[in-house]
Amino acid sequence: MEHSLKALQEKALKEIAGANDIDALETVEIQYMGRAAGELTAILKNLKDVPAAERPRTGALANEIKQDIEAQILERREALLAREENESVFDVTESYVPRRESGTLHPTTQIQYELEDFFAAMGFRIIDGPELESDFYNFSALNIAPDHPARDMQDTLYIKDHPTWLMRTQTSSVQVRAMREYGAPLQAIASGRCFRNEATDARHEHTFHQLEGFVVGEDVSFAHLKGILDAVARHLYGEDTQVRLRPKYYPFVEPGVNGEVTCSFCAGGGCALCKQTGWLEIFGAGLIHPHVLKEGGLDSKKVSGLAFGFGLTRLAMLKYGINDIRLFMSADMQFLKQF
Ligand code: DAH
């Protein structure tokens with residue numbers, strides 16, 4: 001009797017430990033402890049057949065085993081319940097969505113989009129031109145003579161084995177392309193990347209952004225140009241901003257001007273940013289040279305035009321007080337995350 005009790009105990013404990021969920025554990029419990037047909041229950045019921053002398057010993061052992069089995073079942077149940085709880089928190093079947101940091105637009109792109117909206121609202125068409133450009137559209141068509149210093153190898157990135165190809169040095173290259181495609185009247189802006197063969201430093205970069213604007217049509221005048229530049233300046237720096245235009249030579253405009261706005265930092269009083277002048281140089285502009293109109297397929301006796309250009313990169317530097325132009329193309333996340 002004692003022997004079979006011990007064997008039963010061993011078998012029961014093994015099965016309890018091997019029960020992998022609550023249902024399996026319950027089956028084991030019924031198998032041994034069930035009132036009607038439990039194996040241990042049956043032994044306990046038969047204690048009365050054990051010889052009287054052995055009965056107390058056997059009875060005590062049977063009870064001990066019963067308690068042990070009950071305790072083991074309880075313990076196993078708690079362990080299984082705890083496991084189920086953990087599994088419901090970590091559901092391996094759930095689909096995995098990686099957490100991504102959302103980016104922001106590059107500061108130059110932000111300024112570009114903002115100005116595109118502004119010009120579109122004034123009725124300008126937004127157009128594009130290629131970055132890999134021909135010598136013709138970038139220089140010759142813009143009245144820049146073959147011996148003009150701007151064509152010098154030090155300024156322009158030419159394409160190896162293609163003497164007439166280059167990376168555009170200015171968005172003015174879009175002017176004649178657009179005139180040829182759309183004719184007059186036309187008012188359009190083109191913005192994007194420009195490239196120069198620069199020895200880079202805090203103020204010079206090989207890649208930067210410009211925005212070019214032009215209007216061609218009958219009776220387009222210098223007054224229109226002044227009006228547009230005033231509107232841009234007020235849009236960028238506020239209603240009190242003033243524009244100052246001074247003569248400057250650009251081969252593709254006549255007359256050509258250099259446009260300045262009252263310094264947004266000192267309101268014209270003089271500070272380090274404007275080098276104590278009170279003015280910030282922003283625009284190049286003028287009335288389109290007859291040679292350029294002619295290259296664009298337009299009759300300079302019938303139509304006239306105005307053009308202006310400015311550096312988007314420079315605007316972003318002024319707007320955010322950035323003192324090193326190289327940060328813009330650096331892909332430095334610490335810099336970019338600020339915008
Ligand atoms: N393309 C000139 C530059 O890169 C800027 C410029 C000056 C554009 C005068 C114009 C203009 O349209 O009329 O420096």
Side-chain angles (χ1 to χ4, degrees), residues 108 112 115 119 124-127 129-131 133-145 148-152 154-157 166-179 186-198 203-217 220-230 232-233 243-261 280-293 295-296 298 300 304-317 325:
T108 320
Q112 178 183 329
L115 283 168
F119 280 107
F124 279 71
R125 180 192 281 255
I126 294 164
I127 58 176
E131 293 174 346
E133 187 51 284
S134 69
D135 179 280
F136 174 74
Y137 286 116
N138 196 79
F139 291 133
S140 308
L142 294 173
N143 199 31
I144 301 173
H148 194 281
R151 288 199 187 195
D152 196 292
Q154 280 157 26
D155 293 324
T156 306
L157 294 161
L166 47 82
M167 298 307 289
R168 70 174 176 196
T169 59
Q170 50 186 354
T171 43
S172 307
S173 59
V174 180
Q175 277 188 31
V176 169
R177 284 183 172 277
M179 289 177 207
L186 170 67
Q187 49 186 54
I189 58 161
S191 42
R193 288 199 295 179
C194 300
F195 310 85
R196 289 189 196 174
N197 187 16
E198 298 280 5
R203 295 166 61 90
H204 299 90
E205 177 60 291
H206 50 72
T207 304
F208 53 96
H209 287 70
Q210 282 191 344
L211 185 149
E212 179 84 11
F214 41 90
V215 179
V216 286
V220 172
S221 73
F222 201 88
H224 294 125
L225 175 63
K226 179 79 163 53
I228 292 169
L229 296 183
D230 274 345
V232 177
V243 174
R244 175 168 87 170
L245 302 177
R246 297 195 294 176
K248 181 164 179 183
Y249 172 70
Y250 293 103
F252 37 92
V253 279
E254 178 60 39
V257 293
N258 169 16
E260 293 164 307
V261 298
L280 293 172
E281 191 182 326
I282 291 198
F283 310 105
L287 293 183
I288 299 178
H289 195 285
H291 175 87
V292 179
L293 292 172
E295 291 292 5
L298 302 176
S300 62
S304 51
L306 62 85
F308 55 90
F310 46 87
L312 290 174
T313 309
R314 179 162 159 74
L315 289 189
M317 289 177 81
I325 192 173

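Residues take their numbers from the sequence shown, with the count starting at 1. Note that ligands are numbered from 1 as they come in the structure, with each ligand's atoms numbered from 1 the same way.
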Novice: As an exercise, identify every atom of ligand 1 less than 4.0 angstrom from a heavy atom of G286.
Specialist: 13 (O)
Novice: Is the contact between R196 and ligand 1 made by the side chain, the backbone, both, or neither, using heavy atoms and a 4.0 Å cut-off?
Specialist: side chain
Novice: Can you name the one residue among L315, N258, L229 that meets side-chain contact (heavy atoms from CB on, under 4.5 Å) with I282?
Specialist: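 Going through L315, N258, L229 one by one, the side-chain contact (heavy atoms from CB on, under 4.5 Å) with I282 is satisfied by L315 alone.
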Novice: What protein heavy atom is closest to atom 12 (O) of ligand 1, reported as residue, atom name and distance in Å?
Specialist: E212 OE2, 2.6 Å
Novice: Within ligand 1, which atoms have a heavy atom of Q210 less than 4.0 Å away?
Specialist: 3 (C), 4 (O)
Novice: Using atom types as modelled and distance alone, determine if a side-chain donor or acceptor of Q210 lies under 3.5 Å from a backbone N or O of Q170.
Specialist: no
Novice: Please assess R314 against F208 for the test side chain to side chain contact (heavy atoms under 4.5 Å, CB included), listing each intermediate value before the final yes or no.
Specialist: CA-CA 9 Å; R314 179 162 159 74; F208 53 96; over 6 Å; no
Novice: Determine whether the side chains of E212 and Q175 contain a donor N or O and an acceptor N or O closer than 3.5 Å.
Specialist: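 Distance-only check passes for E212 and Q175.
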Novice: Counting from 1, what ligand 1 atoms have a heavy atom of A307 closer than 4.0 Å?
Specialist: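 Taking each heavy atom of A307 in turn, ligand 1 has 12 (O), 13 (O) under 4.0 Å.
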Novice: Under 6.0 Å from the CZ atom of R244, do we count more than 12 heavy atoms belonging to anything else shown?
Specialist: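 For R244, atom CZ is crowded (more than 12 foreign heavy atoms under 6.0 Å).
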Novice: ring-ring contact (aromatic ring centres under 6.0 Å, His included) with F308: which of Y250, F222, F119?
Specialist: F119
Novice: Any N or O on S172 sitting closer than 3.5 Å to an N or O of ligand 1?
Specialist: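 There is such a contact, yes.
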Novice: How far apart are the C-alpha atoms of Q187 and V220, what are their side-chain angles, what is the distance that settles it, and do they pass the side chain to side chain contact (heavy atoms under 4.5 Å, CB included) test?
Specialist: CA-CA 11 Å; Q187 49 186 54; V220 172; over 6 Å; no
Novice: For ligand 1, which atoms sit closer than 4.0 Å to a heavy atom of Q170?
Specialist: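 Selected atoms, number and element: 1 (N), 2 (C), 3 (C), 4 (O).
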Novice: Which option, F252, Y250, F310, owns the non-hydrogen atom nearest atom 10 (C) of ligand 1?
Specialist: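 Going through F252, Y250, F310 one by one, F252 has the nearest heavy atom to atom 10 (C) of ligand 1.
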Novice: Closer than 4.0 Å to some heavy atom of Q175 - which atoms of ligand 1 meet that?
Specialist: 12 (O)
Novice: Between V232 and I228, is the side chain to side chain contact (heavy atoms under 4.5 Å, CB included) condition met? List the steps.
Specialist: CA-CA 6 Å; V232 177; I228 292 169; 4.2 Å; yes
Novice: Which ligand 1 atoms are under 4.0 Å away from a heavy-atom of G309?
Specialist: 8 (C), 10 (C), 12 (O)
Novice: Under 4.0 Å from any heavy atom of V253, which atoms of ligand 1 are there?
Specialist: 13 (O)
